[in-house]
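Computed from a predicted model, the values in this text were never measured in an experiment.
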Amino acid sequence: MKRLLIVVDYQNDFVNGSLGFQKAIELEDYIFNLIQQYKDNNDEIIYTMDTHDTDYFDTYEGKNLPVPHCIKNSEGWKLYGKIEKALEGCQCFYKDTFPSLELANFLKDKNYSRIALVGVVSHICVLSNAIMVKSALPNTPIDIDMNATASHDESTHQKCIDVLKSMHFNIIE
């Protein structure tokens, strides 16, 4: 059985754009190398992209996080740096909220020996997508690689790790 790597929202706006932060920038080489390892092993790689329309401020999220980001087809919406080229040919799941229901439905009844999630932001999109993946494949071991996952808020990031551990995710530190 193949392994699966899921890269969550490694987009310009979350790395160096409107919601960007230094730690996200520092993840690029590690994530790139993971993608190459999975490709070299002929494993599967998929990714998510946070995707909003110009009516973002009218959405529930926009009213609670009034920072426009990942507006479809904008520069901030695109994948960051060399990750964009590395993910060419991989399946993408566009999502207009934190987790992707489409991703969870895609994974149902799939067989992977192991799944790894990486990306940003750990306590929001990585956490919510990890829970969706676990719901779709409850008996598949799931790794959260903290060397390739970050948040702009270190305290919330640490709390996220505790929550993930309590839900039986394997935390790689």
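- When atom types are taken as modelled, the side chain of Lys78 and the backbone of Glu84 share no donor-acceptor pair closer than 3.5 angstrom.
- When the shell of 6.0 Å around CG of Asp109 is examined, it contains 12 or fewer heavy atoms from other residues, nucleotides or ligands.
- Closest heavy-atom contact between Val120 and Ala150: CG1-O, 3.9 Å.
- Between the CD1 atom of Ile46 and the CG atom of Leu117 there is a distance of 8.5 Å, given to the nearest 0.5 Å.
- Under a hydrophobic clustering in which Ile, Leu, Val, Met, Phe, Trp and Tyr are joined whenever their side-chain heavy atoms come within less than 4.5 Å, directly or via other members, Val8 and Leu79 fall into different clusters.
- Note that CG of Leu164 is 5.5 Å distant from CE of Met146, once rounded to the nearest 0.5 Å.
- A 4.5 Å side-chain heavy-atom check between His152 and Val121 finds at least one atom pair inside the cut-off.
- Atom OH of Tyr56 and atom CG of Leu65 lie 4.0 Å apart (nearest 0.5 Å).
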Please lay out, stage by stage, how Ile71 and Trp77 fare under the test side-chain contact (heavy atoms from CB on, under 4.5 Å). CA-CA 6 Å; Ile71 306 300; Trp77 175 73; 5.9 Å; no
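- Judged by the 6.0 Å and 45° rule, Lys110 forms a cation-pi pair with Phe106.
- A chain of hydrophobic side-chain contacts below 4.5 Å, direct or via other Ile, Leu, Val, Met, Phe, Trp or Tyr residues, connects Ile131 to Phe93.
- Lys63 forms no cation-pi arrangement with Phe57, by the criterion of a distance under 6.0 Å to the ring centre and an angle within 45° of the ring axis.
- Using modelled atom types, one side-chain atom of Asn129 and one backbone atom of Ser100 make a donor-acceptor pair closer than 3.5 Å.
- Transitive grouping of hydrophobic side chains (ILVMFWY, heavy atoms separated by less than 4.5 Å) brings Val133 and Val163 into a common cluster.
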Stepwise side-chain contact (heavy atoms from CB on, under 4.5 Å) test for Asn12 and Val15: CA-CA 5 Å; Asn12 289 329; Val15 179; 5.7 Å; no
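- Judged by the 6.0 Å and 45° rule, Arg3 forms a cation-pi pair with Tyr38.
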Any chance you could lay out the side-chain hydrogen bond (donor to acceptor under 3.5 Å, both in side chains) test for His69 and Glu61, step after step, and finish with the verdict? CA-CA 11 Å; His69 63 280; Glu61 180 182 327; 3.2 Å; yes
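- When all heavy atoms of Ala136 and Ala104 are compared, the pair lying nearest together is CB-O, 3.3 Å.
- Not one N or O on the side chain of Lys23 forms a donor-acceptor pair closer than 3.5 Å with the backbone of Thr149.
- Both Ile161 and Ile142 sit in one connected hydrophobic cluster of ILVMFWY residues. Membership requires side-chain heavy atoms under 4.5 Å apart, directly or through other members.
- Residue Ile171 is not grouped with residue Ile124 when hydrophobic side chains (ILVMFWY) are merged at heavy-atom distances under 4.5 angstrom, including chains of intermediate members.
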I'd like to know whether Glu44 forms a side-chain contact (heavy atoms from CB on, under 4.5 Å) with Leu5, so could you lay out the CA-CA distance, the side-chain angles of the two residues, the decisive distance to 0.1 Å, and finally the verdict. CA-CA 6 Å; Glu44 192 169 344; Leu5 175 65; over 6 Å; no
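- Just one of Val67, Asp50, Asp13 meets the side-chain contact (heavy atoms from CB on, under 4.5 Å) condition when paired with Leu19; it is Val67.
- Under a 3.5 Å cut-off, the side chain of Ser122 and the backbone N or O of His157 do not form any donor-acceptor pair.
- Judged by distance alone, with hydrogens and angles left aside, the side-chain atoms of Ser151 form a donor-acceptor pair with the main-chain N or O of Asp153 at under 3.5 Å.
- Ion pairing between Glu173 and Lys165 holds under the 4.0 Å rule for side-chain N and carboxylate O.
- Note: Met49 CE to Asp9 CG = 8.5 Å, rounded to the nearest 0.5 Å.
- A distance-only check finds no donor-acceptor pair linking the side chain of Tyr94 to the backbone of Lys72 [under 3.5 Å].
- When all heavy atoms are compared, the tightest approach of Gly62 to Thr59 is N-OG1, 3.0 Å.
- Atom CG in Asp53 sits 12.0 Å away from atom SG in Cys70 (nearest 0.5 Å).
- Counting heavy atoms from C-beta on, the side chains of Ile45 and Ile35 come closer than 4.5 Å.
- For the pair Glu28 and Ile83, the minimum side-chain heavy-atom distance is below 4.5 Å.
- When all heavy atoms of Ser18 and Pro68 are compared, the closest pair comes out as OG-O, 3.0 Å.
- Summarising the local packing, CG of Asp96 is surrounded by 12 or fewer heavy atoms from other residues, nucleotides or ligands at distances under 6.0 Å.
- Lys39 NZ: more than 12 foreign heavy atoms inside a 6.0 Å radius.
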Just do the side-chain hydrogen bond (donor to acceptor under 3.5 Å, both in side chains) check on Asp43 and Tyr112 with the steps written out, would you? CA-CA 9 Å; Asp43 289 317; Tyr112 297 104; over 6 Å; no
Evaluate the criterion side-chain contact (heavy atoms from CB on, under 4.5 Å) for residue pair Leu4 and Leu107; output intermediate values, then yes/no. CA-CA 10 Å; Leu4 172 65; Leu107 291 175; 3.6 Å; yes
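- Counting heavy atoms from C-beta outward, Glu154 and Lys159 have side chains that stay 4.5 Å or more apart.
- With contacts defined as side-chain heavy-atom distances shorter than 4.5 Å, the pair His168/Pro141 does not qualify.
- Here the options are Thr48, Val118, Leu27, the test is side-chain contact (heavy atoms from CB on, under 4.5 Å), and the partner is Tyr10; only Leu27 passes.
- Salt-bridge annotation for Asp29 and Lys82: present, with a side-chain N of the basic residue lying under 4.0 Å from a carboxylate O of the acidic one.
- The CZ atom of Phe169 lies 5.5 Å from the CD1 atom of Ile144; values are rounded to the nearest 0.5 Å.
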